[in-house]
Amino acid sequence: MNNLIDVRIKQMRYESDNILSIQLVPIHTKLLPHFNSGAHIDFHFPHGKVRQYSLISPLQDRRYYEIGVLKEPQSLGGSRYIHEQLRVGDLIKISEPRNLFELDDTDQKVLLIAGGIGITPILSMWSSLAIDQRKCDLHYCIRQPNIPFIDRIDEFHIMNRNSHYVTYIGNQQTNGFDIAAVLQQEKVNTHIYVCGSGYFIQYVEAQALAMQWTKEFIHKECFKNPMTELLLASDQEHSLEIASTGQKISLLQTDNIAEVLNKAGYVVPMSCEQGICGTCTLRYTGGKLHHQDMILNETDHLTMFTPCCSKIKSQHLIIDL
C-alpha cells in the first residue's frame, strides 16, 4: 500500500452549484509526488471511509494537488462530508497518486469524452496535450448551463493550436451529443478516453465497438458502477474456501464477499466499494462469480475478481488467500 501523505486544505472554490475544487498542500515537504495525467488519489476521511478523486492540478506544479468533487444526492459519506464538513485549514491524509487511466505516449490524435464530473481526469489530459501541442478533440456533456471548469478548458484550448472542443448542455436526449456522428469524423482506432457514469461510458463504448473500434483503443474510467445496482434474489447458501488453510466460510449470494472475509479475520482492504478502483482485487482458483467490476477484462476474470461488489455464482468458491 502507498504511504499516506499529510496535507492541508488551502483553498475551496465552487466551480458550479454542486462541484467544489479543493487545493491540498503538503505539511511535511515542499513538493508532492509526481503524477501523470489521468491519475487519482485516495482521500482518507476522518470517519474511516476512503474515496478516490482525480487530480486536476497542473502536472508541472507539484506544490499542491487539486481535486474536483461533485456533491452526490445519495452520497454514502464521501462527497457530502467534503461539501458540508470540510473547511480551509483542515488536515487530511491522502495516498500517493495512482493511475488506472493513463494517457498513451504516442503522437496520435486523442478523442476525449466527458460526462458530468467525468471531466476531472480529462482536465489533466487536456492540459498535458496542450503542453505537447498534440492534436485532440474534447466533447463535454453537462446537464447544467453554468459549465464547471470552462475557464481551464478555454485556457488550454488557446494554448494548443491543435485542439478543438464542444460542450453539450442538457440530458442525453436533448443535448445534441451524438457519439455515432462524432466517431464518423474520426479514423477507426483513434484513442478514445471516456469518463462519466457507467451508463454514459457504456453508451460511448457500445457505439465505438459497433463502428469497428477495438477495445484496446477505448480507455475508460467510471465514477459509479451501474452493475452494483443489480439485485440477485437467490437465498441459497454458498461457501468460500481459503486455499491456504482449507477453511470454509458460509455466505449468501447477496453478501458482500469482502465484508465476509474481513469478519472472518482476513484483511481485505476496500476503497471505492463499487469495483472501480481495484484496491480489493483477489485471485480465485475454483468456482464461478457474477463479476460486477468495471476494471478487469475477460481474461482477468478467469483468475481475479473484486470481492467488494462481485457475487458468488457457484455453490463453492476457492479464494487464493
Side-chain angles (χ1 to χ4, degrees), residues 1-4 40-53 69-70 72-82 85 92-95 98 100 197-198 221-298 300-321:
M1 175 179 278
N2 288 336
N3 294 326
L4 295 184
H40 68 269
I41 55 172
D42 292 340
F43 198 97
H44 291 251
F45 291 88
H47 53 54
K49 293 283 187 181
V50 181
R51 292 291 182 267
Q52 292 74 41
Y53 296 104
V69 182
L70 169 70
E72 291 278 3
Q74 298 173 337
S75 170
L76 297 176
S79 67
R80 181 177 297 171
Y81 186 94
I82 286 177
Q85 303 294 323
I92 294 292
K93 290 184 181 294
I94 63 171
S95 70
R98 293 188 294 157
L100 303 174
S197 71
E221 184 164 74
C222 183
F223 288 155
K224 187 174 182 181
N225 184 354
M227 294 290 290
T228 60
E229 298 174 5
L230 298 177
L231 297 178
L232 301 167
S234 171
D235 58 0
Q236 182 181 14
E237 192 170 273
H238 300 255
S239 69
L240 306 176
E241 179 180 339
I242 307 303
S244 62
T245 66
Q247 180 184 1
K248 293 183 173 60
I249 305 168
S250 296
L251 77 164
L252 298 177
Q253 194 173 49
T254 52
D255 285 341
N256 182 308
I257 298 175
E259 290 180 355
V260 170
L261 290 169
N262 279 324
K263 287 178 182 177
Y266 298 93
V267 178
V268 180
M270 285 193 291
S271 186
C272 72
E273 301 178 49
Q274 298 186 78
I276 58 177
C277 76
T279 299
C280 67
T281 303
L282 294 176
R283 292 186 174 274
Y284 69 103
T285 58
K288 294 183 179 180
L289 289 141
H290 292 282
H291 293 284
Q292 298 195 101
D293 65 272
M294 295 289 289
I295 58 169
L296 301 177
N297 59 37
E298 293 178 2
D300 294 332
H301 282 157
L302 296 175
T303 58
M304 296 188 292
F305 75 110
T306 52
C308 70
C309 65
S310 297
K311 303 299 182 182
I312 190 169
K313 184 177 182 180
S314 57
Q315 185 65 39
H316 189 65
L317 181 70
I318 304 173
I319 299 178
D320 188 12
L321 275 175

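All residue numbers refer to positions in the sequence shown, counting from 1.
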> Rounded at 0.5 Å granularity, tell me how far OG in Ser95 sits from CG in Asn3.
10.5 Å

> At what distance, to the nearest 0.5 angstrom, does CG of Leu302 lie from CZ of Arg283?
11.0 Å

> Output side-chain donor-acceptor pairs under 3.5 Å for residues 245-252, partner residues at least two apart or in another chain, one line each.
from, atom 1, to, atom 2, distance (Å)
Thr245, OG1, Gln247, N, 3.2
Gln247, OE1, Tyr266, OH, 2.5

> On a heavy-atom basis, which atom in Gln253 and which in Lys311 lie closest, and how many Å separate them?
O-CD, 3.3 Å

> Kindly give the heavy-atom pair with the smallest separation between Pro307 and Leu282, and that separation in Å.
CG-CD1, 3.8 Å

> As an exercise, state the distance from CD1 of Ile242 to CG of Leu261, rounded to the nearest 0.5 Å.
5.5 Å

> Under 3.5 Å, is there a donor-acceptor pair between the His238 and Asp255 side chains?
no

> Of the non-hydrogen atoms in Pro46 and Ile92, which two are nearest, and what is the gap between them?
CD-CD1, 4.3 Å

> Hey, mind stepping through His301 and Asp293 against side-chain contact (heavy atoms from CB on, under 4.5 Å) and telling me if it holds?
CA-CA 10 Å; His301 282 157; Asp293 65 272; 2.7 Å; yes

> How far does CD of Glu72 sit from CZ of Arg80, to the nearest 0.5 angstrom?
10.5 Å

> Look only at the side chain of Gln315 and the backbone of Glu237, and say whether a donor-acceptor pair between them is shorter than 3.5 Å.
yes

> Which distance, rounded to the nearest 0.5 Å, do you find between the OG of Ser244 and the CD1 of Ile318?
12.0 Å

> How long is the straight-line distance from CE of Met304 back to CG of Asn297, given to the nearest 0.5 Å?
7.5 Å

> For Lys288, give me all partners under side-chain hydrogen bond (donor to acceptor under 3.5 Å, both in side chains), at least two apart in sequence or on another chain.
none

> Please assess Thr279 against Val50 for the test side-chain contact (heavy atoms from CB on, under 4.5 Å), listing each intermediate value before the final yes or no.
CA-CA 11 Å; Thr279 299; Val50 181; over 6 Å; no

> What pair of heavy atoms forms the shortest contact from Phe305 to His291, and how long is it?
CB-CE1, 3.6 Å

> I want to check something: taking the side chain as every heavy atom from C-beta on, are Thr306 and Gln292 in contact at a cut-off of under 4.5 Å?
no

> Run the ring-ring contact (aromatic ring centres under 6.0 Å, His included) test against His316 and tell me which residues pass, sequence neighbours left out.
none

> Name all residues meeting the side-chain contact (heavy atoms from CB on, under 4.5 Å) criterion together with Asn256; count only those two or more places apart in sequence or in a different chain, and write none if there are none.
Ala258, Glu259, Met270

> Quick one: ring-ring contact (aromatic ring centres under 6.0 Å, His included) partners of Tyr53, sequence neighbours excluded?
Phe43

> Which heavy atom of Ile295 sits nearest to which heavy atom of Cys277, and what is that distance?
CD1-C, 3.9 Å

> Are Asp300 and Thr281 close enough that some pair of their side-chain heavy atoms sits under 4.5 Å apart?
no

> State which residues pass side-chain contact (heavy atoms from CB on, under 4.5 Å) with Lys263; sequence neighbours excluded, sorted by chain then number.
none

> Can you give me the closest heavy-atom contact between Val268 and Asn262, atom names plus distance?
N-OD1, 2.8 Å

